[in-house]
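Notes follow once the structure below has been shown.
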Amino acid sequence: MNILEELNDSQRAAVQYNDGPSLVIAGAGSGKTRVLTYKIAYLLEQGYNPWNILALTFTNKAAREMKERIASIVGNDKAKYLYMGTFHSIFARILRAEATLLGYSSNFTIYDDADSRSLLKTIIKEKGLDDKTYKPATVLKKISLAKNRLILPDAYANDPDISERDRRENLPEVAKIYAAYSQRSLQANAMDFDDLLVQIYLLFNKYEDIRLKYADRFDYVLVDEYQDTNFVQQRIVYQLTKQKRRLCVVGDDSQSIYSFRGAEIDNILSFEQQYEGAKLFKLEQNYRSTQNIVKAANSLIKRNQFQIEKEVYSRKSEGDKLHYKNAYSDKEEALIVCKEIKRIKREDQCSYTDFAILYRTNSQSRSFEEEMRKQNIPYKIFGGLSFYQRKEIKDIIAYYRLVANPDDEEAFKRIINYPARGIGNSTMDKITACAVRNEVSFWAVISNPVHFGLDVNKGTLGKLSAFHALISGYQQRLDTEDAYLLGSDIIKTSGINKDIFGDSSPEAMARQENVDEFLGAIQNFVEERREEGRIEEAGLSDFLQEVALLTDVESDDDRGSDKVSLMTIHSSKGLEFQTVFIVGMEQNIFPSPQSASTLRSLEEERRLLYVAITRAEKHCFLTSAQNRWRYGKTEFCNPSCFLNEIDPAYITKEEEYSSTISRPRAPWDVPEYMEPRRQTMYETRRSLMPRPVRQPEEPTHLRKIIVPEPTQQSIGVTSLETPQGTLHEGTIIEHQRFGKGVIVKLEGSGENQKATVEFQHSGKKQLLLKFARFNIVKQGE
DNA sequence: ATGACTTGTTTTTTT
DNA sequence: AACAAGTCAT
């Protein structure tokens with residue numbers, strides 16, 4: 001296939017120019033990803049080696065998709081060697097290799113925000129400060145922004161402007177907290193998200209040979225979504241490209257929506273100054289949306305002062321105007337949206353996946369969830385509480401982390417008394433004090449309590465040493481066992497199993513499913529590595545490295561199923577839908593009140609709306625509610641000021657929507673049979689709807705001992721007495737995640753029973769029956 | 001040291 | 001309203 005023939009003129013020009021730094025300004029829907037993927041394919045065709053190409057993205061999803069698309073052009077055998085991933089994941093990999101130069105060891109932990117906040121909280125307490133004044137989240141934000149701008153603790157303390165501002169905000173001690181935070185992270189052998197960038201910068205800055213090593217390796221560097229890079233990221237890219245200057249950055253200043261976490265729109269606005277002689281390409285033809293949508297979006301974004309001049313246009317049909325509807329209440333807003341979805345679905349003969357409901361804040365999803373459940377409209381929620389943020393998952397990961405990196409203090413704190421083993425706050429306080437006094441980690445203290453002078457009674461000492469022995473035992477198996485073997489055994493033998501699987505309340509059931517799901521993910525990980533022939537890189541530490549930077553798992557039963565998408569506008573970036581509903585167009589929601597104060601942040605909100613509108617291919621609805629239930633009471637709301645900023649030529653407004661619509665019990669209002677619903681990992685737990693009653697509740701001891709756990713929605717085969725007797729080769733089962741498959745092999749006994757199953761779609765998998773979730777579909781002969 | 005009760009906070013977006 | 005954290009009682 002000829003790569004260049006598939007592109008329009010401006011796209012082709014951008015792909016072909018490789019003689020120096022280039023900036024591709026890609027308007028919404030103009031084929032940005034296409035240019036990136038084809039450019040990489042083109043480079044490979046020109047003789048570049050895949051392992052010499054570095055492509056940086058912001059999300060794992062973007063990286064994954066791009067890799068797939070490139071693989072479909074040049075084949076996976078080449079694509080798999082590309083250095084392609086998020087800034088954070090690529091740099092984390094480099095840091096593992098070079099960690100010792102920076103005083104870390106290669107098994108360092110990556111602290112997530114919760115860990116960082118928790119560490120800050122302890123530090124704030126230790127300094128005798130009030131955590132109401134010094135809110136960990138606020139302090140973390142300050143530290144994070146400082147790191148993004150490469151201001152290290154010393155510089156922070158010595159910067160008069162910063163000191164002045166902190167004093168004005170009544171937070172004069174932040175500099176000291178920052179210093180302590182850095183010291184403690186290092187001691188815990190942990191890096192937070194920002195450290196992954198800062199430390200790379202420091203590494204390259206301090207060790208020229210290391211910088212050269214990587215600058216040499218990467219013959220060509222590509223950066224996606226360049227408008228979202230922050231200062232450090234920009235500096236690192238510069239470190240890697242300043243000699244060869246083979247760099248292509250792609251982005252759209254009109255879609256810069258992450259400045260709240262340090263993104264510098266100036267990076268893209270002044271790229272041509274930073275890289276002298278850089279060539280600028282503009283992609284202005286929008287292939288996604290009809291003309292009215294593009295024009296409406298343009299008329300809005302024109303109101304921003306700071307931007308690169310461009311004129312996005314569409315050659316598609318004129319299409320519908322945008323629709324604006326003002327509902328009486330948030331409930332009615334949801335009704336209107338559901339009604340429109342049904343209408344359009346009928347008229348356009350499209351499916352639920354063609355619809356998206358976009359909102360400013362996650363909490364707005366609730367009224368839509370409720371209404372869609374009532375009306376039996378299938379939906380999935382993206383974002384919200386991610387799978388790995390669930391308590392039970394975090395607990396398990398904390399075990400893994402402590403095993404992989406015993407100095408990890410946040411993991412230690414989390415599990416020292418989980419499950420309860422009689423080590424309470426007072427003991428923990430003593431350990432903390434002792435660790436701080438001796439400047440060693442918690443683990444060091446309990447490894448040698450007498451030496452460090454830990455003052456606890458004999459009983460407690462015994463408990464501590466039991467805990468120590470438990471973890472040490474796992475540590476010794478780290479190098480010999482794969483992640484699944486060790487990981488599932490930790491769950492079984494640490495007492496987590498007993499805690500989570502010993503209860504049959506609905507909440508406990510949801511947790512059990514999450515744990516099962518998690519084990520499935522570990523198993524997949526090991527399988528994948530095995531298939532790639534990297535079985536020696538399938539240990540628990542390897543799994544942790546991967547998981548630390550993941551925010552969500554793609555659930556198998558959501559992929560490919562026909563559902564309406566619900567998500568924040570932020571997470572919709574890069575996606576497209578035939579019909580988009582932008583809901584909650586109200587003055588105190590969108591623009592967010594916190595952003596209304598400065599011009600820059602107001603412009604960012606405007607760009608956010610621009611992003612939302614340009615997601616739509618065909619229909620775009622904006623809605624608002626006059627009354628909204630928030631913070632436990634009804635609020636009166638005014639329509640968003642942005643509504644008046646869209647040229648009225650491209651939008652129709654309906655002020656008052658018929659209130660008869662909220663008349664209850666319309667025929668379609670009566671729910672049909674509601675299927676017992678498994679809580680998928682995308683759904684937040686705060687759903688208001690009553691949980692479907694779980695039918696015949698199986699005695700819990702059975703669940704624990706007798707595996708395959710059958711009843712919950714089994715039709716037909718429920719007469720499982722002994723698993724050994726009823727499961728045999730040839731039996732067809734349906735696994736909750738992998739779908740249908742046939743058992744090809746059974747082995748092991750008792751707890752270690754394993755079945756090898758050939759799945760229709762997912763291939764061959766080995767299931768540990770104790771954990772596997774499936775139903776028997778058909779017995780073999 | 002654990003559980004019931006009370007109080008305070010939350011809602012901006014996320015690698 | 002829903003949830004987390006902190007307090008008090010056991």
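To find a chain, count down the sequence lines: A is the first, B the second, and so on, and within it residues start at 1.
Listed candidates were B:dT11, B:dT14, C:dG6. Nearest to the side chain of A:Asp131 is C:dG6. The side chain of A:Lys135 sits closest to B:dT10 out of B:dT15, B:dT10, C:dG6. When distances run from any side-chain atom of A:Ser426 to the nucleotides B:dA1, B:dT13, B:dT2, the shortest one goes to B:dA1. For A:Asn417, whose side chain is taken as the heavy atoms from C-beta onward, the closest listed nucleotide among B:dT2, C:dG6, B:dT13 is B:dT2. Closest contact between the side chain of A:Phe260 and the listed nucleotides B:dT11, C:dA2, B:dT14 involves B:dT14. Nearest nucleotide to the side chain of A:Ser592, out of C:dG6, B:dT12, B:dT15: B:dT12. With B:dT13, C:dA2, C:dG6 as the candidates, the nucleotide lying closest to the side chain of A:Lys121 is C:dG6. Closest to the side chain of A:His88, out of B:dT2, B:dT15, B:dT14, is B:dT15. With distances taken from any side-chain atom of A:Asp113 to the nucleotides B:dT2, B:dT15, B:dT11, the minimum falls on B:dT15. Listed nucleotides B:dT12, B:dT15, B:dT14 differ in distance to A:Ser571; the shortest reach to its side chain belongs to B:dT14.
Under 3.5 Å, the side chains of A:Asp253 and A:Ser256 contain no donor-acceptor pair of N or O atoms. Side-chain atoms of A:Asn267 and A:Thr229 include a donor-acceptor pair closer than 3.5 Å.
Of the two residues contacting DNA chain B, namely A:Thr427 and A:Asp194, the nearest-nucleotide position lying further toward the 5' end is that of A:Thr427. Along DNA chain B, the nucleotide nearest A:Glu605 and the nucleotide nearest A:Thr57 are compared for position; the residue whose nucleotide lies closer to the 5' end is A:Glu605.
Comparing the same atom, P, in B:dT13 and in C:dA4 gives a spacing of 16 Å after rounding to whole Å. Between C:dG6 and B:dT11, the distance separating the two C1' atoms is 22 Å to the nearest Å.
To the nearest angstrom, P of B:dT15 lies 14 Å from CZ of A:Phe382. One can place CZ of A:Phe231 at 24 Å from P of B:dT15, the figure rounded to the nearest angstrom. One interatomic measurement links the two molecules: CE of A:Met567 to C1' of B:dT14, which rounds to 15 Å at whole-angstrom precision. For A:Gln227 and B:dT14, the CD to C1' distance is 15 Å, given to the nearest whole Å. Whole-Å rounding puts the A:Lys633 NZ to B:dT10 P distance at 14 Å. Regarding A:Ile569, its CD1 atom lies at a distance of 18 Å from the P atom of B:dT11, rounded to whole Å. If you measure from atom CG of A:Asp224 to atom P of B:dT15, you get 14 Å, rounded to the nearest angstrom. Here B:dT11 presents its C1' atom at 15 Å from CZ of A:Phe590, a figure rounded to the nearest Å.
Across all strands shown, A:Asn60 has no heavy atoms under 4.0 Å from either base or sugar-phosphate atoms. When heavy atoms are screened at a 4.0 angstrom cut-off, A:Lys573 is found touching no nucleic acid atom at all. Residue A:Phe58 is classed as a sugar-phosphate contact, given heavy-atom separations below 4.0 Å to backbone atoms only.
Residues passing the salt bridge (charged side-chain N to carboxylate O under 4.0 Å, His left out) test with A:Glu68: none are found, sequence neighbours excluded.
In this structure the side chain of A:Glu65 never reaches within 4.5 angstrom of the side chain of A:Thr33, judged on heavy atoms.
The distance between the ring centers of A:Phe368 and A:Tyr379 does not fall below 6.0 angstrom.
In this structure, A:Lys463 does not reach the B:dA1 phosphate: none of its side-chain N or O atoms is under 4.0 Å from OP1 or OP2.
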Evaluation steps, side-chain hydrogen bond (donor to acceptor under 3.5 Å, both in side chains), between A:Tyr111 and A:Ser118
CA-CA 10 Å; A:Tyr111 275 177; A:Ser118 158; over 6 Å; no
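Smallest separation of non-hydrogen atoms from A:Arg615 and A:Gly574: NH1-N, 3.3 Å.
Residue ring and nucleobase are not stacked for A:Tyr258 and B:dT14 under a centre distance beneath 5.5 angstrom and an angle between planes beneath 30°.
A donor N or O paired with an acceptor N or O is not found under 3.5 Å between the base of B:dT13 and the side-chain atoms of A:Arg261. Remark: the A:Tyr631 side chain and the B:dT11 base include a donor-acceptor N/O pair separated by less than 3.5 Å.
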